[in-house]
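Throughout, residue positions are numbered sequentially from 1 according to the sequence presented.
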Amino acid sequence: MSLPPLKNDRLIRALLRQPTDTTPVWIMRQAGRYLPEYRATREQAGSFLDLCQTPELACEVTLQPLRRFDLDAAILFSDILTIPDAMGLGLYFVEGEGPKFERPLRREADIERLGVPDPGVQLRYVTDAVSLVRQELDGRVPLIGFSGSPWTLATYMVEGGASKEYRFVKGMLYAEPEALHRLLDKLARSVIAYLNAQIEAGAQAIMVFDTWGGVLSPQAYRDFSLRYLQQIVAGLERKRDEVPVPVTLFTKGGMQWLEAIADTGCDAVGLDWTIDLDDAWQRVGTRVALQGNLDPCVLYAEPEAIRAAALDLINRFGNHPGHVFNLGHGIHQYVDPEHLGVLVDAVHEFGFEIRRSA
């Protein structure tokens, strides 16, 4: 099916470090629990997994924030744990505790039994949702597809859920490193196939979330996370119908490795709120675009404080190409949606101003 050209290509241009008329903005977890319409759709679905696995409902949730806010991108509503679920580990969710796996990976034999999921079979509901969202967007803004990083997926799979101590996965890292590398390689190949299928279905930009990369030591990060991020970047289809599909990598808590992440060949690096944006630009901004990096808690403040925080970040980046405004992590569920509207409008206003004054 032929799809219309983009009417708003600010995000793509910024990720490719090309000039834009203002600073593009989207928000991690922009389709989520802070929106009453999301909560209503989630109740209609019956469960979070059913919401993710029903393409029509996933499409509806993806589009909800775009009806409220002047955002410059949609991001597919899904979950980072779709690949482990497709591998047969028995994903389920516990209220107040988050994701769990019925069959965590604790032995080398468990890893050996895992196969690489076929995106056209076990993950077809995701690519169907991508196609549906692209049709519904009708070229309004680009659609971002995404995946968790191999290290982050492995952390959940070995621990059996979220963790504070990383007892099992770090135990494997130091006691059975080769077993963990085999798992990470399977996951990297799975992520490549999964993201390429999203691109084939219509995703126009890609993001890889390395949520737990920041818990590693420098050497462990290079060996067990960065190595596989680089493998993914090298394996992705970077063009669709001769149009570039930019790739953003985000390691939460990993700003000390900013240069190494930029060296993977990605188009953009996501920043959390632990680094000054002007410092990040000085370090790598001539090589990659930068996305971020407002502390999500700023959105609990009054509108004037939110506007001041947006202006500060835009001034810190300056009138250089390659800034995508975002939070340093996902929006919190208790944020007033009106506050996000203030932020989005402020980013566009101040982005226009800094370009006019140049």
Phe48 six-ring centre to Arg42 NZ/CZ under 6.0 Å and within 45° of normal: no
Glu200/Arg240 ion pair, N-O < 4.0 Å: yes
Arg238 versus Asp267, closest heavy-atom pair with distance: NH2-OD2, 2.9 Å
Ser149-Thr152 side chain donor-acceptor pair, cut-off 3.5 Å: yes
Single-linkage hydrophobic cluster Tyr174~Tyr221, side-chain heavy atoms < 4.5 angstrom: yes
Lys/Arg-Asp/Glu bridge criterion (N-O < 4.0 Å) met for Asp72, Arg10: yes
Any donor-acceptor N/O pair, Ser163 side chain to Tyr166 backbone, under 3.5 Å: yes
Glu37 bridged to Arg68 by N-O distance under 4.0 Å: yes
Nearest non-hydrogen partners of Leu226 and Ala260, listed with the distance: CD2-CB, 3.7 Å
Polar contact flag, side-chain donor to acceptor under 3.5 angstrom, Arg67-Gln64: no
Test log, rule side chain to side chain contact (heavy atoms under 4.5 Å, CB included), inputs Glu159 and Glu165: CA-CA 10 Å; Glu159 293 292 328; Glu165 297 178 347; over 6 Å; no
Arg316/Asp279 ion pair, N-O < 4.0 Å: no
Distance-only side-chain donor-acceptor flag, His339 / Tyr34, under 3.5 Å: no
Glu259/Arg287 ion pair, N-O < 4.0 Å: no
side-chain contact (heavy atoms from CB on, under 4.5 Å) partner of Pro19, chosen from Arg355, His320, Arg13: Arg13
Test side-chain contact (heavy atoms from CB on, under 4.5 Å) applied to Lys100 and Tyr92, Phe93, Tyr156, the passing residue: Tyr92
Shortest non-hydrogen contact between Cys59 and Glu136, atoms and distance: SG-CG, 3.7 Å
salt_bridge(Asp223, Arg227) N-O dist < 4.0 Å: no
Distance-only polar pair, side chains of Asp85 and Thr82, donor-acceptor under 3.5 Å: no
salt_bridge(Asp110, Arg103) N-O dist < 4.0 Å: no
For Gly235 against Ile192, the heavy-atom pair lying closest together: O-CG2, 3.4 Å
Tyr300 and His332 side chains, donor-acceptor separation under 3.5 Å: yes
